[in-house]
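This report concerns only the one structure given below.
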Amino acid sequence: MSKDNNSEPSEINTESLLETISDAEVNSRISFEEFTDERLLISHDSMGTKQMKIKIIEVSDENQPQKWRFGDRVKVTKILVTIRHLTTQQVEEGEFDIEAIEREIQEKRHYSSTNRWIPAEDIKNGYVMRDKHTRLISDAAAMDYIIF
(Lines give C-alpha, C1' and ligand atoms only; values in the text may rest on other atoms or scores of the structure.)
Protein backbone atom coordinates (compact mmCIF):
# COMPACT_ATOMS: atom_id res chain seq x y z
CA MET A 1 0.00 0.00 0.00
CA SER A 2 1.43 3.35 -0.96
CA LYS A 3 1.30 6.43 1.17
CA ASP A 4 -0.76 9.17 -0.31
CA ASN A 5 -2.84 12.00 1.01
CA ASN A 6 -6.08 10.21 0.22
CA SER A 7 -7.37 8.95 3.56
CA GLU A 8 -10.39 7.05 2.24
CA PRO A 9 -8.78 3.57 2.15
CA SER A 10 -7.61 3.84 5.77
CA GLU A 11 -11.05 5.02 6.88
CA ILE A 12 -12.67 2.06 5.17
CA ASN A 13 -10.22 -0.30 6.85
CA THR A 14 -10.87 1.30 10.22
CA GLU A 15 -14.62 1.09 9.77
CA SER A 16 -14.51 -2.53 8.68
CA LEU A 17 -12.21 -3.32 11.61
CA LEU A 18 -14.64 -1.64 14.01
CA GLU A 19 -17.53 -3.58 12.51
CA THR A 20 -15.63 -6.84 12.97
CA ILE A 21 -14.84 -6.03 16.61
CA SER A 22 -18.40 -5.04 17.39
CA ASP A 23 -19.70 -8.24 15.74
CA ALA A 24 -17.29 -10.30 17.83
CA GLU A 25 -18.44 -8.55 21.01
CA VAL A 26 -22.09 -9.22 20.19
CA ASN A 27 -21.41 -12.90 19.49
CA SER A 28 -19.40 -13.32 22.71
CA ARG A 29 -22.19 -12.06 24.92
CA ILE A 30 -24.32 -14.53 26.82
CA SER A 31 -28.04 -14.61 26.46
CA PHE A 32 -30.40 -13.65 29.25
CA GLU A 33 -31.26 -17.30 29.88
CA GLU A 34 -27.56 -18.15 30.38
CA PHE A 35 -26.91 -15.23 32.77
CA THR A 36 -26.79 -16.13 36.44
CA ASP A 37 -26.78 -13.51 39.15
CA GLU A 38 -24.09 -14.30 41.71
CA ARG A 39 -26.53 -13.55 44.55
CA LEU A 40 -28.62 -16.58 43.56
CA LEU A 41 -25.66 -18.89 44.18
CA ILE A 42 -24.52 -17.54 47.56
CA SER A 43 -26.20 -18.33 50.88
CA HIS A 44 -25.49 -16.56 54.18
CA ASP A 45 -25.31 -17.85 57.72
CA SER A 46 -27.83 -16.64 60.29
CA MET A 47 -25.48 -14.00 61.71
CA GLY A 48 -24.56 -12.61 58.29
CA THR A 49 -20.84 -13.20 58.82
CA LYS A 50 -20.26 -16.00 56.30
CA GLN A 51 -21.13 -16.72 52.69
CA MET A 52 -21.31 -20.17 51.14
CA LYS A 53 -21.18 -21.32 47.54
CA ILE A 54 -21.48 -24.96 46.43
CA LYS A 55 -20.06 -26.31 43.17
CA ILE A 56 -20.99 -29.76 41.91
CA ILE A 57 -17.95 -31.94 41.23
CA GLU A 58 -19.55 -35.30 40.52
CA VAL A 59 -23.04 -36.61 39.86
CA SER A 60 -24.41 -40.14 39.89
CA ASP A 61 -25.50 -41.83 36.69
CA GLU A 62 -28.45 -43.44 38.51
CA ASN A 63 -31.82 -43.13 36.81
CA GLN A 64 -34.23 -40.99 38.72
CA PRO A 65 -37.47 -42.47 40.03
CA GLN A 66 -40.75 -40.84 39.05
CA LYS A 67 -39.42 -38.39 36.48
CA TRP A 68 -43.00 -37.64 35.47
CA ARG A 69 -43.75 -36.37 38.98
CA PHE A 70 -40.60 -34.47 39.98
CA GLY A 71 -39.16 -33.40 36.62
CA ASP A 72 -35.51 -33.59 35.58
CA ARG A 73 -33.28 -34.06 38.60
CA VAL A 74 -29.62 -34.90 39.17
CA LYS A 75 -28.27 -37.04 42.03
CA VAL A 76 -25.23 -35.23 43.43
CA THR A 77 -22.32 -37.32 44.71
CA LYS A 78 -19.46 -34.87 45.40
CA ILE A 79 -19.46 -31.14 46.02
CA LEU A 80 -16.93 -28.38 46.62
CA VAL A 81 -18.00 -25.99 49.37
CA THR A 82 -16.47 -22.52 49.47
CA ILE A 83 -17.05 -20.43 52.60
CA ARG A 84 -15.96 -16.81 52.86
CA HIS A 85 -15.77 -15.11 56.25
CA LEU A 86 -17.00 -11.57 55.67
CA THR A 87 -15.21 -10.08 58.68
CA THR A 88 -11.72 -11.31 57.75
CA GLN A 89 -12.23 -12.06 54.01
CA GLN A 90 -10.71 -15.50 54.69
CA VAL A 91 -11.81 -18.20 52.23
CA GLU A 92 -12.13 -21.87 53.12
CA GLU A 93 -12.76 -24.68 50.65
CA GLY A 94 -13.60 -28.28 51.26
CA GLU A 95 -14.60 -31.20 49.08
CA PHE A 96 -17.37 -33.42 50.43
CA ASP A 97 -18.34 -36.88 49.25
CA ILE A 98 -22.02 -36.64 50.12
CA GLU A 99 -22.66 -40.29 49.37
CA ALA A 100 -19.96 -41.43 51.84
CA ILE A 101 -21.19 -39.02 54.52
CA GLU A 102 -24.75 -40.28 54.02
CA ARG A 103 -23.61 -43.89 54.52
CA GLU A 104 -21.59 -42.93 57.59
CA ILE A 105 -24.46 -41.12 59.28
CA GLN A 106 -26.81 -44.02 58.56
CA GLU A 107 -24.36 -46.41 60.27
CA LYS A 108 -23.53 -44.20 63.27
CA ARG A 109 -26.77 -42.34 63.90
CA HIS A 110 -29.30 -44.60 62.12
CA TYR A 111 -30.80 -41.83 59.99
CA SER A 112 -30.03 -39.55 57.08
CA SER A 113 -31.55 -36.23 56.18
CA THR A 114 -29.81 -35.71 52.87
CA ASN A 115 -31.82 -35.49 49.71
CA ARG A 116 -29.18 -35.52 47.00
CA TRP A 117 -31.64 -35.22 44.12
CA ILE A 118 -31.42 -31.63 42.85
CA PRO A 119 -33.67 -30.26 40.09
CA ALA A 120 -31.64 -29.57 36.96
CA GLU A 121 -32.99 -26.01 36.76
CA ASP A 122 -31.48 -25.29 40.21
CA ILE A 123 -27.96 -25.84 38.87
CA LYS A 124 -26.41 -22.84 37.13
CA ASN A 125 -22.93 -22.96 35.59
CA GLY A 126 -22.05 -25.96 37.75
CA TYR A 127 -23.14 -24.27 40.99
CA VAL A 128 -26.15 -25.11 43.14
CA MET A 129 -28.73 -22.40 43.80
CA ARG A 130 -28.69 -21.12 47.39
CA ASP A 131 -32.07 -22.54 48.41
CA LYS A 132 -30.72 -26.10 47.87
CA HIS A 133 -27.55 -25.65 49.98
CA THR A 134 -29.08 -26.89 53.24
CA ARG A 135 -30.36 -29.99 51.49
CA LEU A 136 -26.84 -30.96 50.40
CA ILE A 137 -24.88 -30.17 53.58
CA SER A 138 -27.35 -31.33 56.24
CA ASP A 139 -25.60 -34.66 56.98
CA ALA A 140 -22.14 -33.05 56.94
CA ALA A 141 -23.38 -30.45 59.43
CA ALA A 142 -24.93 -33.18 61.62
CA MET A 143 -21.58 -34.98 61.72
CA ASP A 144 -19.78 -31.66 62.48
CA TYR A 145 -17.75 -31.78 59.25
CA ILE A 146 -18.99 -28.30 58.43
CA ILE A 147 -20.17 -25.51 60.68
CA PHE A 148 -22.19 -22.84 58.96
Side-chain angles (χ1 to χ4, degrees), residues 9-148:
S10 64
E11 287 178 15
I12 293 172
N13 288 340
T14 306
E15 289 176 14
S16 64
L17 181 62
L18 290 174
E19 288 175 12
T20 305
I21 292 172
S22 64
D23 289 343
E25 287 177 4
V26 168
N27 292 335
S28 70
R29 294 182 183 174
I30 59 174
S31 67
F32 182 75
E33 292 80 22
E34 295 172 338
F35 174 74
T36 304
D37 189 3
E38 188 75 13
R39 293 175 293 184
L40 296 175
L41 303 176
I42 297 174
S43 60
H44 299 272
D45 68 337
S46 60
M47 303 299 281
T49 59
K50 298 177 188 175
Q51 292 179 337
M52 179 171 50
K53 195 172 183 182
I54 297 178
K55 181 172 182 146
I56 297 176
I57 296 176
E58 186 178 308
V59 295
S60 174
D61 58 352
E62 183 179 331
N63 291 329
Q64 62 178 338
Q66 298 178 345
K67 181 178 179 177
W68 58 270
R69 185 173 180 187
F70 298 113
D72 287 331
R73 297 181 302 162
V74 176
K75 190 172 187 179
V76 179
T77 306
K78 290 185 182 180
I79 58 174
L80 177 69
V81 177
T82 305
I83 297 177
R84 182 169 53 149
H85 300 268
L86 297 176
T87 54
T88 62
Q89 297 301 315
Q90 179 186 3
V91 176
E92 298 178 59
E93 282 190 338
E95 184 177 317
F96 291 97
D97 185 349
I98 300 174
E99 190 172 21
I101 293 172
E102 185 178 28
R103 279 190 305 247
E104 181 181 355
I105 201 166
Q106 286 173 347
E107 291 172 5
K108 291 182 178 179
R109 306 240 176 115
H110 305 291
Y111 79 97
S112 174
S113 58
T114 300
N115 183 359
R116 298 184 289 132
W117 288 100
I118 302 294
E121 61 266 6
D122 287 340
I123 300 171
K124 302 290 183 184
N125 300 331
Y127 289 91
V128 180
M129 302 291 270
R130 66 180 172 195
D131 58 337
K132 303 298 185 221
H133 287 181
T134 307
R135 172 186 286 197
L136 290 175
I137 66 162
S138 59
D139 283 349
M143 296 295 289
D144 293 327
Y145 290 138
I146 186 171
I147 298 173
F148 187 73

Ile56 and Ile118: CA distance, side-chain angles, deciding distance, side-chain contact (heavy atoms from CB on, under 4.5 Å) verdict: CA-CA 11 Å; Ile56 297 176; Ile118 302 294; 5.6 Å; no
Check against side-chain contact (heavy atoms from CB on, under 4.5 Å), Ile105 and Tyr111: CA-CA 6 Å; Ile105 201 166; Tyr111 79 97; 3.9 Å; yes
Step-by-step side-chain contact (heavy atoms from CB on, under 4.5 Å) determination, Val59 to Asp61: CA-CA 7 Å; Val59 295; Asp61 58 352; over 6 Å; no
Verdict with supporting geometry, Ile101 and Tyr145, side-chain contact (heavy atoms from CB on, under 4.5 Å): CA-CA 9 Å; Ile101 293 172; Tyr145 290 138; 4.0 Å; yes
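For Arg116 (side chain) and Val76 (main-chain N/O), a donor-acceptor pair under 3.5 Å exists by modelled atom type. No donor-acceptor pair closer than 3.5 Å links the side chain of Arg130 to the backbone N or O of Met52.
Using a 4.0 Å cut-off between a side-chain N of Lys or Arg and a carboxylate O of Asp or Glu, Arg103 and Glu107 do not qualify as a salt bridge.
Side-chain atoms of Arg84 and Gln89 include a donor-acceptor pair closer than 3.5 Å. Inspection of the Gln51 and His85 side chains reveals no N or O donor paired with an N or O acceptor under 3.5 Å.
With values rounded to the nearest 0.5 angstrom, Met143 atom CE is found 12.5 Å from Glu102 atom CD. With rounding to the nearest 0.5 Å, the separation of CD in Glu99 from NZ in Lys78 is 9.5 Å. Here the OG1 atom belonging to Thr77 is positioned 10.5 Å from the CD1 atom belonging to Ile57, to the nearest 0.5 angstrom. To the nearest 0.5 Å, atoms CD1 (Ile79) and NE2 (His133) are separated by 8.5 Å. We find the CG-NZ distance between Leu41 and Lys55 to be 11.0 Å, quoted to the nearest 0.5 Å. Separating the CG atom in Asn115 from the CZ atom in Arg135 is a distance of 4.5 Å, to the nearest 0.5 Å.
Val74 is listed as a side-chain neighbour of Ile123, based on a closest heavy-atom distance under 4.5 Å.
The side-chain tip of Lys53 points at the ring of Tyr127 from less than 6.0 angstrom away and within 45° of straight on.
When all heavy atoms of Pro119 and Lys132 are compared, the closest pair comes out as CD-CE, 4.0 Å. Taking every heavy atom of both residues into account, Thr82 and Glu93 meet most closely at OG1-OE2, 3.3 Å. Of all heavy-atom pairs spanning Val81 and Ile83, the tightest one is CG1-CG1, 4.0 Å.
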